[in-house]
Amino acid sequence: MIVASIDIGTNTVLLLIAKVDYESKNIIPILNEYQIPRIGRGIKQNGQINTDSISKLFAVLREFKTIISEYNCDTILVSGTNAFRMATNSTEIIESIRNEFNLEIKVISGEQEAEYAYLGALSALKEKTYVSVIDIGGSSTEIITGEGSKILTKVSLQIGSVTVTEQYLKTFPPNNSDIENMKQEIRNQFRFFDKNLIARRVIAIAGTATTLACMKLGLKEFDENVVDNFTLKGDALSQLISDIDKLSSIDILENYGAIMKGREDIILAGAIILEQFMKFCEVNSVIVSTRE
């Protein structure tokens with residue numbers, strides 16, 4: 001069966017087309033695409049997904065439906081994450097998408113999002129292993145630990161690269177006091193999490209992690225074959241943060257190229273969330289996965 005999955009996140013909309021064998025639970029990716037309409041822009045302050053973001057989302061869905069039609073997909077699955085959970089106008093947006101695109105959006109809970117992130121990250125692993133997964137999104141961060149397909153602990157924290165950027169980083173480059181206030185908020189969130197639950201093997205997924213891997217590897221364009229399974233060490237991450245925290249978002253885009261498009265103003269916050277997680281949990285490195 002050919003399945004198309006559209007994941008509507010706070011910053012990024014992901015399209016995965018894959019061949020799925022439900023008996024063996026084997027998933028073979030055929031196509032991965034993404035666009036960055038950032039539907040969560042201003043959502044924490046205003047409580048709604050704004051009109052401009054809705055228009056951008058509709059344009060992305062229109063493009064993705066055209067792609068899906070070319071692959072003769074048997075079914076289309078659409079999920080909405082934290083932005084839809086937060087926004088007071090989610091219901092009317094979901095209704096509009098149903099009417100215009102004949103797509104049914106399932107708004108998943110933070111716990112469900114954590115489960116899907118974990119299972120997606122483990123889909124490429126053959127061995128049964130004790131592992132933790134961190135998924136840094138635009139408005140939430142999921143942390144999951146399990147062994148094989150069995151999830152042992154999961155948590156969804158209300159911090160993300162978009163929301164903490166909007167809340168704390170008022171200028172670009174940001175000043176030191178704003179960065180420190182953001183770090184303190186991130187540490188406060190991790191304070192309620194038991195770091196003893198974190199495995200020694202940690203997999204980092206989603207756009208923040210893959211973009212940081214590209215930066216470290218010197219890639220201007222995303223290359224899944226190079227990025228997948230890349231080991232990002234803590235000292236290398238700290239150096240990347242030091243390299244960009246004194247740059248404007250325009251300079252970041254110019255220096256790092258197309259892989260940064262749509263993330264140039266939020267990559268610093270995402271990197272600091274990952275850095276603070278690693279320091280808090282005393283993790284020296286993470287494995288970057290392109291699966292999610």
Side-chain angles (χ1 to χ4, degrees), residues 3 5 7 9 11-12 14-21 24-34 113-137 141-154 161 197-241 243 256-260 263 267 270-279 281-292:
V3 176
S5 171
D7 176 22
N11 191 55
T12 309
L14 303 171
L15 169 64
L16 169 65
I17 297 177
K19 184 176 181 180
V20 179
D21 186 328
S24 65
K25 296 183 179 179
N26 192 28
I27 300 173
I28 303 172
I30 298 172
L31 178 73
N32 278 293
E33 294 282 348
Y34 74 92
E113 188 175 356
E115 289 177 18
Y116 295 159
Y118 176 82
L119 295 174
L122 261 66
S123 64
L125 296 181
K126 302 301 181 184
E127 75 276 16
K128 183 179 180 181
T129 183
Y130 184 59
V131 65
S132 294
V133 174
I134 179 167
D135 176 2
I136 300 171
T141 293
E142 281 67 48
I143 305 168
I144 318 96
T145 297
E147 187 170 6
S149 61
K150 183 180 180 182
I151 294 175
L152 303 175
T153 64
K154 57 190 175 183
S161 57
L197 300 174
I198 295 296
R200 290 303 89 194
R201 184 179 189 182
V202 177
I203 298 174
I205 65 171
T208 288
T210 56
T211 302
L212 290 168
C214 288
M215 293 166 69
K216 179 58 182 173
L217 288 162
L219 298 177
K220 300 293 185 181
E221 299 280 350
F222 180 73
D223 186 337
E224 182 174 353
N225 294 323
V226 177
V227 172
D228 195 42
N229 213 35
F230 174 75
T231 298
L232 180 61
K233 296 182 179 180
D235 56 354
L237 175 59
S238 295
Q239 183 59 56
L240 286 174
I241 291 170
D243 290 342
Y256 292 97
I259 59 103
M260 196 61 70
R263 297 188 188 280
I267 190 61
I272 289 174
I273 292 172
L274 182 57
E275 179 194 46
Q276 293 301 309
F277 164 80
M278 293 174 70
K279 287 182 176 180
C281 296
E282 299 175 6
V283 173
N284 296 322
S285 65
V286 296
I287 301 166
V288 177
S289 173
T290 60
R291 303 290 185 98
E292 56 180 297

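As the structure is a prediction and not an experimental result, all values here were calculated from the model.
Between atom CD1 of residue I205 and atom CD1 of residue I144 there is a gap of 6.5 Å, rounded to the nearest 0.5 Å. Here the NZ atom belonging to K154 is positioned 14.0 Å from the CG atom belonging to D135, to the nearest 0.5 angstrom. The CG atom of L212 sits 10.5 Å away from the CD atom of E275 when rounded to the nearest 0.5 Å. Atoms CD and OG1, from Q276 and T141 in turn, are 12.5 Å apart once rounded to the nearest 0.5 Å. To the nearest 0.5 angstrom, S238 atom OG is 5.0 Å from K279 atom NZ. Distance check, rounded to the nearest 0.5 Å: CG of L240 to CD1 of I272 gives 12.0 Å.
Annotation for A117 and V133: closest pair O-CG1, 4.2 Å, computed over non-hydrogen atoms. Between P29 and L16, the closest heavy-atom pair is CB-CD1, 4.0 Å. Closest approach of Y118 and T145 over heavy atoms only: CE1-C, 4.2 Å. Considering all non-hydrogen atoms of both residues, A236 and K216 come closest at CB-CE, 3.9 Å. Annotation for V226 and F230: closest pair O-CB, 4.3 Å, computed over non-hydrogen atoms. Annotation for I136 and G270: closest pair CD1-O, 3.7 Å, computed over non-hydrogen atoms.
By the salt bridge (Lys or Arg N to Asp or Glu O under 4.0 Å) test, E221 is found to be paired with no residue, residues two or more places apart in sequence or in another chain being considered.
Using modelled atom types and a 3.5 Å distance limit, the side chains of D235 and Q239 yield no donor-acceptor pair. One side chain, T12 or R263, offers a donor N or O that lies under 3.5 Å from an acceptor on the other.
Two residues are said to be in side-chain contact when any heavy atoms from C-beta on lie closer than 4.5 Å; D223 and L217 fail this criterion. Side chains of F277 and I143 form a contact here, defined as non-hydrogen atoms less than 4.5 Å apart. Counting heavy atoms from C-beta outward, Y256 and D243 have side chains that approach closer than 4.5 Å.
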Could you walk me through whether T211 and M260 pass the side-chain contact (heavy atoms from CB on, under 4.5 Å) test, one step at a time?
CA-CA 7 Å; T211 302; M260 196 61 70; 3.8 Å; yes

Does the side-chain contact (heavy atoms from CB on, under 4.5 Å) test come out yes or no for I134 and I198, once each step is laid out?
CA-CA 10 Å; I134 179 167; I198 295 296; over 6 Å; no

Going through the distances and angles, do I273 and T208 end up as a side-chain contact (heavy atoms from CB on, under 4.5 Å)?
CA-CA 10 Å; I273 292 172; T208 288; over 6 Å; no

Passes side-chain contact (heavy atoms from CB on, under 4.5 Å), T210 versus E224? Steps please.
CA-CA 9 Å; T210 56; E224 182 174 353; over 6 Å; no

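More than 12 heavy atoms of other residues, nucleotides or ligands lie within 6.0 Å of NZ in K220, so this atom counts as buried by the packing criterion. Taking a 6.0 Å sphere around CG of N284, one finds it holds 12 or fewer heavy atoms contributed by other residues, nucleotides or ligands.
Put simply, the side chain of S132 never gets that close to the backbone of V202: no donor and acceptor are under 3.5 Å apart. Within the 3.5 Å criterion, the main-chain N or O of T290 finds a donor-acceptor partner in the side chain of D228.
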